[in-house]
Amino acid sequence: MTVNVRYIDGVSFEAETRGHRVRCDQPPANGGNDEAMTPPEYLLVSLGTCAAFYAVQYLRTRQLPTDGLGVRVHAEKESAPSRLARFRIDVNLPSLDDRHRDGILRAVKSCLIHNTLLNMPRIDIHLNVAAVV
């Protein structure tokens with residue numbers, strides 16, 4: 001997987017992958033125009049849509065109703081270092097028995113993004129500096 005990020009102006013960026021594009025901005029308090037979500041909001045989107053995907057897969061595989069399925073993700077900020085420190089995922093489901101509620105919980109916990117956040121990935125940073133002309 002690869003995403004390319006391009007600087008637009010101010011504190012606005014565009015990310016592109018597989019022909020899809022999204023913008024990223026900041027609220028006015030951070031110097032932006034509030035024209036798009038912030039990077040932490042995109043992280044919550046990633047976690048929430050991944051959880052929803054796994055929940056839908058569980059329901060569809062068992063031919064259970066998906067109407068009313070929704071996911072809400074909330075995060076709390078911490079400092080030193082600045083980060084999102086606590087996440088809460090609320091999965092709203094159609095009426096299901098206990099067996100399927102437990103199955104949905106297992107499915108959501110299998111989400112790629114959830115597991116990535118639980119198992120700290122290695123992040124390598126490389127600077128590619130243009131030659132001085």
Side-chain angles (χ1 to χ4, degrees):
M1 276 182 253
T2 301
V3 172
N4 293 303
V5 177
R6 180 179 64 86
Y7 175 66
I8 297 174
D9 64 13
V11 291
S12 183
F13 301 86
E14 180 182 79
E16 182 273 329
T17 187
R18 299 182 304 104
H20 303 286
R21 297 183 193 295
V22 294
R23 254 184 105 128
C24 184
D25 197 11
Q26 294 288 325
N30 288 349
N33 294 318
D34 205 17
E35 294 178 347
M37 288 187 265
T38 65
E41 290 165 335
Y42 276 118
L43 179 59
L44 297 185
V45 167
S46 185
L47 181 58
T49 55
C50 188
F53 172 79
Y54 279 76
V56 164
Q57 291 302 101
Y58 178 91
L59 293 170
R60 283 185 178 166
T61 300
R62 287 150 188 85
Q63 299 178 339
L64 296 168
T66 57
D67 292 344
L69 174 72
V71 174
R72 180 178 185 269
V73 181
H74 175 78
E76 294 180 17
K77 285 181 168 181
E78 293 285 336
S79 57
S82 178
R83 68 196 183 283
L84 298 177
R86 186 172 305 126
F87 295 87
R88 178 185 168 122
I89 303 171
D90 291 314
V91 181
N92 300 314
L93 298 164
S95 180
L96 296 172
D97 61 30
D98 288 344
R99 178 176 62 105
H100 289 303
R101 281 193 291 263
D102 291 344
I104 289 273
L105 183 58
R106 280 191 309 276
V108 170
K109 286 183 175 182
S110 298
C111 158
L112 175 69
I113 306 304
H114 174 257
N115 284 326
T116 299
L117 293 170
L118 288 177
N119 298 282
M120 190 182 330
R122 188 177 103 194
I123 300 174
D124 299 319
I125 299 174
H126 301 266
L127 299 178
N128 299 310
V129 180
V132 177
V133 180

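All of these numbers come straight from a predicted model, not from anything done at the bench. When a residue number appears, it is its place in the shown sequence, counting from 1.
- A 4.5 Å side-chain heavy-atom check between Arg60 and Gln57 finds at least one atom pair inside the cut-off.
- Under the 4.5 Å side-chain contact rule for hydrophobic residues, Val73 and Val22 do not share a cluster.
- Asp34 is linked by a side-chain hydrogen bond (donor to acceptor under 3.5 Å, both in side chains) to nothing, counting only residues two or more places apart in sequence or in another chain.
- For Pro40, the side-chain contact (heavy atoms from CB on, under 4.5 Å) partners two or more places apart in sequence, or in a different chain, are Thr38, Leu84.
- Summarising the geometry, atom CD belonging to Glu78 is positioned 6.0 Å from atom CZ belonging to Arg86; distances are rounded to the nearest 0.5 Å.
- One hydrophobic cluster, built from ILVMFWY side chains closer than 4.5 Å, holds both Val108 and Val56.
- A donor-acceptor pair is defined here as one N or O able to donate and one able to accept, closer than 3.5 Å; such a pair exists between the side chain of Asp25 and the backbone of Asn33.
- Legend: residues meeting side-chain hydrogen bond (donor to acceptor under 3.5 Å, both in side chains) with Glu14, ordered by chain and number and at least two apart, are Arg6.
- Not counting sequence neighbours, Cys24 has no partner by the disulfide bond (SG atoms under 2.5 Å apart) test.
- Asn92 places none of its side-chain heavy atoms less than 4.5 Å from the side chain of Val71.
- Residues passing the side-chain hydrogen bond (donor to acceptor under 3.5 Å, both in side chains) test with Thr17, sequence neighbours excluded: none.
- Scored by the salt bridge (Lys or Arg N to Asp or Glu O under 4.0 Å) test, Arg23 finds Glu35 as partners (sequence neighbours excluded).
- Under the 4.5 Å side-chain heavy-atom criterion for ILVMFWY residues, a single connected hydrophobic cluster contains both Phe13 and Val3.
- Listed by first then second residue, pairs satisfying disulfide bond (SG atoms under 2.5 Å apart) with a partner in residues 43-129 read Cys50-Cys111, not counting sequence neighbours.
- In the hydrophobic clustering of ILVMFWY residues, with side-chain heavy atoms under 4.5 Å counting as a link, Ile113 and Leu69 come out together.
- In terms of modelled atom types and a separation under 3.5 Å, the side chain of Arg83 and the main chain of Pro81 share a donor-acceptor contact.
- Applying the side-chain hydrogen bond (donor to acceptor under 3.5 Å, both in side chains) test to pairs two or more places apart or on separate chains, none has a residue in residues 44-55.
- Hydrophobic clustering (ILVMFWY, side-chain heavy atoms < 4.5 Å, transitive): Phe53 and Ile89 are in distinct clusters.
- The shortest heavy-atom contact between Ala55 and Ile104 is O-CD1, 3.7 Å.
- Remark: Arg88 CZ to Leu47 CG distance equals 13.0 Å, nearest 0.5 Å.
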Review point. Taking it one step at a time, do Leu96 and Leu59 satisfy side chain to side chain contact (heavy atoms under 4.5 Å, CB included)?
Key: CA-CA 10 Å; Leu96 296 172; Leu59 293 170; 4.0 Å; yes

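- Scored by the salt bridge (Lys or Arg N to Asp or Glu O under 4.0 Å) test, Arg18 finds no partners at all (sequence neighbours excluded).
- With hydrogens and angles ignored, the 3.5 Å screen pairs no side-chain donor or acceptor of Asn30 with any backbone N or O of Gly32.
- Counting only residues at least two apart or in different chains, side-chain hydrogen bond (donor to acceptor under 3.5 Å, both in side chains) contacts with residues 63-75 are absent.
- In this structure, Asp97 CG and Asp102 CG are separated by 9.0 Å, a value rounded to the nearest 0.5 Å.
- A search for side-chain hydrogen bond (donor to acceptor under 3.5 Å, both in side chains) contacts involving His100 returns Tyr58, not counting sequence neighbours.
- Side-chain contact between Phe87 and Leu43 is present, with at least one heavy-atom pair separated by less than 4.5 Å.
- Note on residues 114-133: pairs passing side-chain hydrogen bond (donor to acceptor under 3.5 Å, both in side chains), not counting sequence neighbours, are Arg122-Asp124.
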